[in-house]
**Student:** 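Below: one structure in structure tokens.
Chain letters run A, B, ... following the sequence lines, proteins first, then strands; residues in each count from 1.
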Amino acid sequence: MLDSRDPLGSLKEHIARGIAEAASRLGLKVDPTEIPVQKTPSREVGHLGSPIGFKLAGRLKMSPEEVSKNVVDRLNLSSIPIAASASPARGFVNFRFDEPTLIRAIIDAASSPEFGRGDVRGGVVMVEHTSANPAHPLHVGSGRNAVIGDSYARMLRHAGRRVETHYLVNDSGNQTILMSYGFSKVTGEKPKGKIDHWFGAVYAATNIAIELRRAEGEERERLEQALDRLRAEHGEVVDKVFRAIREDPDPEGGVRNLLAAYQAGETWAKEIVRAAVESVMEGFVDTLDRLDIKHDAYDWESDLIWNGWTAEMLERLKDSGYVGFEGGAAYVDLARAIREREDVARVFGLTAERVRELDAEGRLEEVVPPKFYLTRSDGTWLYTATDVAYSLYKIEGVGVEVCHNVIGAEQRLEQLQVRASVALAGEDPDRIQHFSYEMVNLVGVAMSGRLGIYVTLDELMDEAKRKVVELLRDRPGLSQEEAEEIAEKVAVGAIRFALLSVDPSKPVVFSWDRVLNLEANSGPFTQYAYTRASGILRKAGGSPREYQAAALGTDGEYDLVMHLAEFPETLRSAISLRRPDVVAQYANELAARFNKFYETHPVLPAEEPTRSARLALVSAVRNTLGLAMDLIGVPRLEKM
RNA sequence: GGGCCCGUAGCUCAGCAAGGAUAGAGCGGCGGCCUUCUAAGCCGCAGGUCGGGGGUUCGAGUCCCCCCGGGCCCGCCA
């Protein structure tokens with residue numbers, strides 16, 4: 001029978017098995033999973049087809065056409081549910097089903113919240129995402145990370161995985177400590193505006209003040225311009241920080257000192273840094289909450305240090321024999337580890353043989369940077385070290401089966417170093433996965449937290465909302481509060497869709513036009529289709545109890561139904577390829593097909609049995625579109 | 001220099017994982033459609049050497065090799 005959560009998928013499996021059986025009757029053993037089954041280019045030739053003739057022609061020493069004919073002759077059609085006919089067409093074999101039965105199976109499946117859902121199975125899957133540095137507000141780059149990670153977690157959950165989302169609060173590194181040092185000069189100030197933006201200004205002002213001590217010429221000019229911009233936006237706190245740092249005889253020493261004291265857990269340092277970072281994180285949580293992004297846990301880098309995870313990690317790496325010291329700084333002898341340990345070589349995509357080859361050519365240390373540091377000479381921990389400790393915490397502390405680290409592509413090498421270290425510490429490096437995504441750039445200028453140049457998620461939200469409120473002004477029958485609520489949700493839909501809908505492996509150039517797009521190929525486009533479906537169902541008083549699938553069958557209806565059927569497979573692809581954007585594309589395509597249907601197929605005014613059948617289809621579209629929107633976090637709306 | 005990634009319409013992107021039936025959307029441009037379920041919509045027109053060249057194959061945007069162009073990384077930063 002057909003799987004009620006994925007009828008099309010099970011139909012394809014049945015076809016592949018049927019063809020494999022037919023092939024075995026021709027004396028050829030074929031694995032059903034190797035047999036492609038796809039949609040036909042047009043309904044005239046059948047519903048599903050397979051280019052099996054081309055595939056087996058060589059092995060059977062027949063022409064593709066002959067193979068197709070022979071497969072059809074030896075096919076046990078009754079083993080394929082609801083199949084009405086199979087016909088050879090050049091090298092293809094095309095299958096036709098009893099169409100009303102097919103349509104009903106799909107509509108019924110697509111009307112359930114269980115559509116595309118997987119059985120609950122396996123251990124905890126962690127998705128670590130966002131993890132933005134507290135030194136500047138969440139910007140569009142952090143937004144891409146957050147939206148990718150959050151959406152991916154939603155998809156894993158629908159697929160039946162137990163998911164935990166974590167945020168690593170990076171409070172023990174140079175940038176955050178620098179911000180905290182600047183903050184220590186203005187603790188008497190009352191922060192103005194959104195708290196994380198205020199701290200972002202403190203950070204940038206501190207950094208500029210320090211850099212200006214050395215900068216000359218053009219660089220000096222750039223810094224001064226950045227300072228002016230900062231001053232214009234954030235007012236006197238910028239000057240206060242700037243003056244305090246300028247008068248400080250040794251701000252860099254002060255930062256180093258604060259970093260060491262904080263990592264050592266000294267009370268005075270904790271009071272400063274924790275106060276700063278906790279404030280910033282409150283701001284971050286507000287922003288993420290607006291985008292409907294929540295983390296199950298916030299893991300503080302400093303806790304990993306204070307609770308001994310980093311120290312234990314270092315002991316284990318020392319025990320492995322690949323840690324060296326240089327002026328007090330600990331490093332991992334990666335080149336030697338790669339030479340001697342196959343598991344470490346594999347992390348870098350190298351076989352033992354390839355390592356020997358490279359070594360013979362003297363190129364190993366050119367292909368792989370030969371070592372990396374875990375601590376500074378003063379004994380303080382570097383980011384890579386806390387990240388290795390964090391990985392061990394994920395595996396042994398939380399007990400995850402696997403963790404997907406949503407981290408920018410520019411950190412590829414660091415992630416490989418972390419995974420190599422995990423292997424040296426005796427854990428399976430494949431349990432730590434780098435979910436890589438490319439950066440978001442601004443036209444002309446590069447975003448720079450150091451200089452306070454970025455487009456923040458908050459301003460993006462505000463601007464998107466403003467645009468929607470404007471549009472809503474001439475909508476009749478909407479109260480002020482309704483309009484506000486709708487605008488907020490449309491803004492969220494627009495931003496999430498825009499940040500998600502491009503393949504994560506491709507760099508994107510940020511454009512306001514693209515994010516504020518409310519037309520086709522956008523979150524609001526899917527929301528609009530959803531409200532149209534909702535409107536019809538609302539006026540009809542709900543979905544019909546009974547309907548005749550045979551009343552459906554126009555091309556528009558068929559296209560819509562077949563696209564509904566692809567939801568489960570789309571979800572599986574999105575997960576296995578780490579491409580949450582494909583679900584966004586899917587939702588957009590479903591919305592587009594529904595809009596076409598909507599324009600050409602009146603539902604409420606239609607005669608029975610067409611009316612009920614179309615209502616059932618609308619209900620299935622609403623459900624499936626809603627599920628897809630849930631997965632990418634585009635809010636459902638009943639009216640807009 | 002080495003490694004990884006990207007190159008499809010004027011612009012922004014799908015299609016490449018598992019090669020398959022005529023290369024698709026959107027934006028922008030031009031022209032149409034609101035007394036009928038929300039026009040944030042729909043329809044039509046114009047727009048393509050799929051970066052270039054080889055190769056594998058019955059078949060290549062998709063796989064392999066070389067080249068060109070762009071991005072990122074190669075820090076006791078994160």
**Student:** Closest to the A:Val490 side chain: B:rA40, B:rA78, B:rC42?
**Tutor:**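 Out of B:rA40, B:rA78, B:rC42, the nucleotide with an atom closest to A:Val490's side chain is B:rA40.
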**Student:** Would you call the rings of A:His136 and A:Tyr454 parallel, tilted or perpendicular, where under 30° means parallel and over 60° means perpendicular?
**Tutor:** tilted
**Student:** So, OP1 or OP2 of B:rG71: does either fall under 4.0 Å of a side-chain N or O from A:Lys506?
**Tutor:** no
**Student:** Roughly how many Å is it from CG in A:Leu56 to C1' in B:rC58, rounded to a whole number?
**Tutor:** 14 Å
**Student:** When the P atoms of B:rC5 and B:rA18 are considered, how many whole Å apart are they?
**Tutor:** 15 Å
**Student:** Where the side chain of A:Leu413 is defined as all heavy atoms beyond and including C-beta, which of B:rC74, B:rA21, B:rU38 is the nearest nucleotide?
**Tutor:** B:rC74
**Student:** Tell me whether the centres of the aromatic rings in A:Phe594 and A:Tyr530 are closer together than 6.0 Å.
**Tutor:** no
**Student:** Using a cut-off of 4.0 Å on non-hydrogen atoms, how would the nucleic acid contact of A:Leu577 be classed: base, sugar-phosphate, or nothing?
**Tutor:** base
**Student:** In this structure, are over 12 heavy atoms from other groups packed under 6.0 Å from A:Lys489 atom NZ?
**Tutor:** no
**Student:** Would you please test A:Phe497 and A:Val147 for side-chain contact (heavy atoms from CB on, under 4.5 Å) and show each step?
**Tutor:** CA-CA 9 Å; A:Phe497 191 98; A:Val147 165; over 6 Å; no
**Student:** Do the two ring centres, one from A:Tyr331 and one from A:Phe372, sit under 6.0 Å apart?
**Tutor:**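 Ring-ring flag for A:Tyr331/A:Phe372: false, centres at least 6.0 Å apart.
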**Student:** Can a side chain N or O of A:Arg450 be found less than 4.0 Å away from OP1 or OP2 on B:rA78?
**Tutor:**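 For B:rA78, OP1/OP2 do not have a side-chain N/O of A:Arg450 under 4.0 Å.
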**Student:** If you measure from the ring centre of A:Phe92 to the centre of the six-membered ring in the base of B:rA21, is it under 5.5 Å, with the planes under 30° apart?
**Tutor:**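 Whether judged by distance or by angle, A:Phe92 passes, so it stacks on the base of B:rA21.
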**Student:** Of all the nucleotides listed (B:rC73, B:rA17, B:rC37), which has the minimum atom distance to the side chain of A:Glu410?
**Tutor:** B:rC73
**Student:** Taking only the side-chain nitrogens and oxygens of A:Arg532, find out if one of them lies under 4.0 Å from OP1 or OP2 of B:rA39.
**Tutor:**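 Result: yes.
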**Student:** Quickly work out the A:Glu589 CD to B:rG15 P distance and round it to whole Å.
**Tutor:** 13 Å
**Student:** Given the C1' atoms of B:rC72 and B:rC77, what is the spacing between them in whole Å?
**Tutor:**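 Nearest-Å result for B:rC72 against B:rC77 at atom C1': 16 Å.
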**Student:** Can you tell me how far P in B:rC6 sits from the matching atom in B:rA14, rounded to whole Å?
**Tutor:** 11 Å
**Student:** Name the nucleic acid region contacted by A:Leu358, choosing base, sugar-phosphate or nothing; use a 4.0 angstrom heavy-atom cut-off, strictly under.
**Tutor:** nothing
**Student:** Determine whether any donor atom in the side chain of A:Asn94 lies under 3.5 Å from an acceptor atom in the base of B:rA21, or the reverse, and answer yes or no.
**Tutor:**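 In this structure, the two groups form a donor-acceptor pair.
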**Student:** What distance, rounded to whole Å, do you find between the two P atoms, one in B:rU12 and one in B:rG51?
**Tutor:**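 So the two P atoms sit 14 Å from each other.
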**Student:** According to a strict under-4.0 Å criterion, is A:Arg363 in side-chain N/O contact with OP1 or OP2 of B:rG3?
**Tutor:** yes
**Student:** Tell me: CD of A:Glu599 to P of B:rC37, nearest whole Å?
**Tutor:** 11 Å
**Student:** Among the candidates B:rA40, B:rU12, B:rA78, find the nucleotide nearest to the side-chain atoms of A:Tyr528.
**Tutor:**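 Of the options given, the side chain of A:Tyr528 lies nearest B:rA40.
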**Student:** Between the side chains of A:Asp378 and A:Arg376, is the shortest nitrogen-to-carboxylate-oxygen separation below 4.0 Å, so that they form an ion pair?
**Tutor:** no
**Student:** What is the distance, to the nearest angstrom, from the CE atom on A:Met640 to the C1' atom on B:rA40?
**Tutor:**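 Taking atom C1' of B:rA40 as the reference, CE of A:Met640 is at 5 Å.
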**Student:** Quick check for you: among B:rG20, B:rG26, B:rA40, whose closest atom lies nearest to any side-chain atom of A:Asn517?
**Tutor:**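 Closest of the options to the side chain of A:Asn517: B:rG26.
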**Student:** Is the shortest side-chain N/O distance from A:Arg376 to OP1 or OP2 of B:rA78 below 4.0 Å?
**Tutor:** yes
**Student:** Indicate, yes or no, whether a donor-acceptor pair under 3.5 Å links the base of B:rC5 to the side chain of A:Ser505.
**Tutor:**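 It does not, because no donor-acceptor pair links the side chain of A:Ser505 to the base of B:rC5 below 3.5 Å.
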**Student:** Does any N or O in the side chain of A:Asn517 come within less than 3.5 Å of the main-chain N or O of A:Ser522, such that one atom is a donor and the other an acceptor?
**Tutor:**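 Answer holds: no.
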**Student:** Between A:Glu470 and A:Lys465, does a salt bridge (charged side-chain N to carboxylate O under 4.0 Å, His left out) hold up when you go through it step by step?
**Tutor:** CA-CA 9 Å; A:Glu470 180 80 12; A:Lys465 192 173 173 184; over 6 Å; no
**Student:** As a test of reading the structure: which of B:rA40, B:rC37, B:rG26 is closest to the side chain of A:Ala520, going by heavy atoms?
**Tutor:**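 For the A:Ala520 side chain, the nearest candidate turns out to be B:rG26.
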**Student:** Give RNA chain B the dot-bracket treatment, 5' to 3': Watson-Crick (N1-N3 with N6-O4 or O6-N4) or G-U (N1-O2, O6-N3) under 3.5 Å, [ ] crossing, | other strand.
**Tutor:** (((((((..((((......[...)))).(((((.......))))).....(((((..]....))))))))))))....
**Student:** What nucleotide among B:rU38, B:rC37, B:rA14 has an atom nearest to a side-chain atom of A:Thr531?
**Tutor:**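 Nearest nucleotide to the side chain: B:rU38.
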**Student:** Could you measure between the two C1' atoms, the one in B:rC68 and the one in B:rC11, and give it in whole Å?
**Tutor:**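 B:rC68 and B:rC11 have their C1' atoms separated by 23 Å.
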**Student:** Could you check how far CD of A:Glu438 sits from P of B:rG71, rounded to whole Å?
**Tutor:**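 It works out to 12 Å between those atoms.
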**Student:** Using the closest heavy atom to pick a nucleotide of RNA chain B for each, name whichever of A:Val367 or A:Met439 lands nearer the 5' end.
**Tutor:**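 On the 5' side of the pair lies A:Val367.
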**Student:** Looking at B:rA78, I'd like to know if its phosphate oxygens (OP1 or OP2) sit under 4.0 Å from a side-chain N or O belonging to A:Tyr383.
**Tutor:**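 Result: no.
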**Student:** Looking only at the side chain of A:Tyr598 (C-beta and beyond, no hydrogens), which of the listed nucleotides B:rA39, B:rC13, B:rA40 gets closest?
**Tutor:** B:rA39
**Student:** Heavy atoms only, 4.0 Å cut-off, all strands: where does A:Asp378 land among base, sugar-phosphate and nothing?
**Tutor:** nothing
**Student:** A:Arg412 CZ to B:rC5 C1': how many Å, rounded?
**Tutor:**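 Spelled out: CZ on A:Arg412 to C1' on B:rC5 is 9 Å.
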**Student:** For nucleotides B:rG24 and B:rC65, find the distance between their P atoms and express it as a whole number of Å.
**Tutor:** 29 Å
**Student:** Without decimals, in angstroms, what is the distance between A:His434 NE2 and B:rC5 C1'?
**Tutor:**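 A:His434 atom NE2 is separated from B:rC5 atom C1' by 12 Å.
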**Student:** Under 4.0 Å between a side-chain N/O of A:Arg579 and OP1 or OP2 of B:rG15, yes or no?
**Tutor:** yes
**Student:** Are the aromatic ring centres of A:Phe435 and A:Tyr152 under 6.0 angstrom apart?
**Tutor:** yes
**Student:** Please determine, for the side chain of A:Asn521, which listed nucleotide (B:rA18, B:rC74, B:rA25) has the closest atom?
**Tutor:**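 Of all the options, the side chain of A:Asn521 is nearest to B:rA25.
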**Student:** For nucleotides B:rC63 and B:rG15, find the distance between their P atoms and express it as a whole number of Å.
**Tutor:** 12 Å
**Student:** Does OP1 or OP2 of B:rC43 have a side-chain N or O of A:Lys596 closer than 4.0 Å?
**Tutor:** yes
**Student:** Taking the side chain of A:Ala329 as heavy atoms from C-beta outward, which of B:rG41, B:rU38, B:rC76 is closest to it?
**Tutor:**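 Nearest to the side chain of A:Ala329 among the choices is B:rC76.
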**Student:** State yes or no: are the ring centers of A:Trp512 and A:Phe510 separated by less than 6.0 Å?
**Tutor:** yes
**Student:** Between A:Glu566 and A:Arg572, is there a salt bridge with N-O shorter than 4.0 Å?
**Tutor:** no
**Student:** Please classify the glycosidic conformation of B:rC34 as syn (within 90° of 0) or anti (everything else).
**Tutor:**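 Here the answer is syn: the torsion falls within 90° of 0.
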**Student:** Confirm from the modelled atom types if A:Lys55 and B:rG20 form a donor-acceptor pair under 3.5 Å, side chain to base only.
**Tutor:**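 By the distance-only test, yes, there is a pair.
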**Student:** What distance, rounded to whole Å, do you find between the two C1' atoms, one in B:rA23 and one in B:rG47?
**Tutor:**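 Comparing C1' positions in B:rA23 and B:rG47 gives a spacing of 14 Å.
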**Student:** A:Leu478 CG to B:rA40 P: how many Å, rounded?
**Tutor:**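 That distance rounds to 12 Å.
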**Student:** Considering heavy-atom distances to RNA chain B, does A:Tyr373 or A:Pro64 have its closest nucleotide positioned more toward the 5' end?
**Tutor:** A:Pro64
